[in-house]
Protein chains: 2
Amino acid sequence: MRLEDELKQKSFKSPHHRMIVNVMFTGNWLLKELSCQLKPLGLSSQQNNVLGILRGQYPNPATLGLIQERMMDRDSNATRLVDKLLEKGLVTRCQCSENRRKVDIIITEKGLELLKETDKIIQGLEERFKQINPDEAALIGELMDKIRDCH
Amino acid sequence: MRLEDELKQKSFKSPHHRMIVNVMFTGNWLLKELSCQLKPLGLSSQQNNVLGILRGQYPNPATLGLIQERMMDRDSNATRLVDKLLEKGLVTRCQCSENRRKVDIIITEKGLELLKETDKIIQGLEERFKQINPDEAALIGELMDKIRDCH
DNA sequence: CCTATATAGTTGTATATACAACTTATGTTT
DNA sequence: AAACATAAGTTGTATATACAACTATATAGG
């Protein structure tokens, strides 16, 4: 559906205005599609994001700082996200012996297993977008980079 | 900055995967840019969104239902958003006499004045994206529509 | 009419988010 | 080595969000 129909709005002031609103709207739309599919697994999109980062480090530990700088949404509270994952047994956490200010966080076997499920969800999402061909997908990616490159 | 550098990640599994992550990331990034500029005016982006919808109806009233179906984020609680705007004197609210289940919400003069300020902010944002030319902006808009058009 | 159903908002609650203040540990000066 | 500064996490709190349950009004059927 066109953005104008989604928002029941006749038009936008300029192509740039329409672009800004549409990227925010579509980003949020995508996030909700994803969240809603992750929910049955008991994961929020942010928790899934953290798990993915931990898998990237596996079998090495990650610190909260490392997690934070790689998260999609930097402002959220990594400590409490990790708390949640800990409760579910998806990660382990212990004080780093070399630098006791740091905490070492490692994804567990159970966490890795769960990620296999979420991988399938992401893959399902990708397949849902087959009306977008790979060239277009790449183009969209480049254009997004370009939007953020405005200083 | 490229998405890979933002997230300190080497690569993505496919152009589609990169697209999905990049649209979510960039949408959120845009939202924060906007929110952070609206904050000095004491408005959240959602409150600004509602005010804009009310201006679209002005001088006619809008009901909560109408607001809800036009909001960028439909799941948020329109009642409480309007409460906030009411506290700030930016809207009036009264029971609709023809159908007493409905409430008529109208933007006040003060609300209209404030929107002039937020218009400037949006315009400022648009100008920040001058590295994107109007054709590209239009293209991005169309591609966003296409992403959501996947049934 | 009286009951059932649908509509329009409101309220409650659990969770999440944003931001600032606070600990604790390490590094740096003098 | 004491004092100060910085770094890495944690905690507190106010606000926001998501979802479900609830209230009040209106419409429709028997």
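Residue numbers begin at 1 in each chain, while the letters A, B, ... track the order of the sequences.
Separating the CG atom in B/L90 from the CG atom in B/L54 is a distance of 10.0 Å, to the nearest 0.5 Å. In this structure, CE on A/M19 lies 5.5 Å from CZ on B/F129, to the nearest 0.5 angstrom. A/R55 CZ to A/L114 CG: the interatomic distance, rounded to the nearest 0.5 Å, is 10.0 Å. Rounding to the nearest 0.5 Å gives a distance of 4.5 Å between CG of B/L51 and CD1 of B/I107. Atoms CZ and CG, from A/R101 and A/L64 in turn, are 13.5 Å apart once rounded to the nearest 0.5 Å. For the atom pair CG of A/L43 and CG of A/L85, the computed distance is 7.0 Å after rounding to the nearest 0.5 Å.
A/E69 has its CD atom 14 Å from the P atom of D/dA7, to the nearest Å. Taking atom CZ of residue A/R100 and atom C1' of nucleotide D/dT10, one finds them 17 Å apart after rounding to whole Å. Here C/dG9 presents its P atom at 14 Å from CE of B/M71, a figure rounded to the nearest Å. When rounded to the nearest whole Å, the span between CG of A/N28 and C1' of C/dT17 equals 14 Å. For the pair A/I105 CD1 and D/dA8 C1', the interatomic distance rounds to 11 Å; values are reported in whole Å. For the pair A/D83 CG and D/dG9 P, the computed distance is 13 Å after rounding to whole Å. The CG atom of A/L86 sits 11 Å away from the P atom of D/dT10 (whole-angstrom rounding). Note: CG (A/L81) to P (D/dT10) measures 12 Å, nearest angstrom.
Of the two residues near DNA chain C, A/E98 and B/A62, the one whose nearest nucleotide lies more 5' is B/A62. If B/T79 and A/S44 are placed on DNA chain C by their nearest nucleotide, the residue sitting closer to the 5' end is B/T79.
Side-chain contact, B/R2 with B/N22: no donor N or O sits under 3.5 Å from an acceptor N or O. The closest side-chain donor-acceptor pair between B/K13 and A/Q123, if any, does not fall under 3.5 angstrom. No hydrogens or angles considered: nothing links the side chains of A/E4 and A/S11 as a donor-acceptor pair under 3.5 Å.
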Check the pair B/N48 / B/S44 against side chain to side chain contact (heavy atoms under 4.5 Å, CB included), numbers first and verdict last. CA-CA 6 Å; B/N48 183 55; B/S44 69; over 6 Å; no
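Rounded to 10 degrees, the angle separating the terminal helix axes of the helix from C/dC1-D/dG30 to C/dT30-D/dA1, each built from five base pairs, is 0°.
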Mind listing the N/O atom pairs, protein and nucleotides 4-8 of chain C, below 3.5 Å?
| residue | atom | partner | partner atom | Å |
| --- | --- | --- | --- | --- |
| C/dT7 | O2 | B/R101 | NH1 | 3.0 |

Nucleotide N/O of nucleotides 19-21 of chain D paired with protein N/O under 3.5 Å:
| residue | atom | partner | partner atom | Å |
| --- | --- | --- | --- | --- |
| D/dC19 | OP1 | A/K39 | NZ | 3.1 |

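At a threshold of 4.0 Å, the pair B/K8-B/D5 does not count as salt-bridged, since none of the basic side-chain nitrogens sits closer than that to a carboxylate oxygen.
For C/dT17, the OP1/OP2 oxygens have a side-chain nitrogen or oxygen of A/Q46 closer than 4.0 Å.
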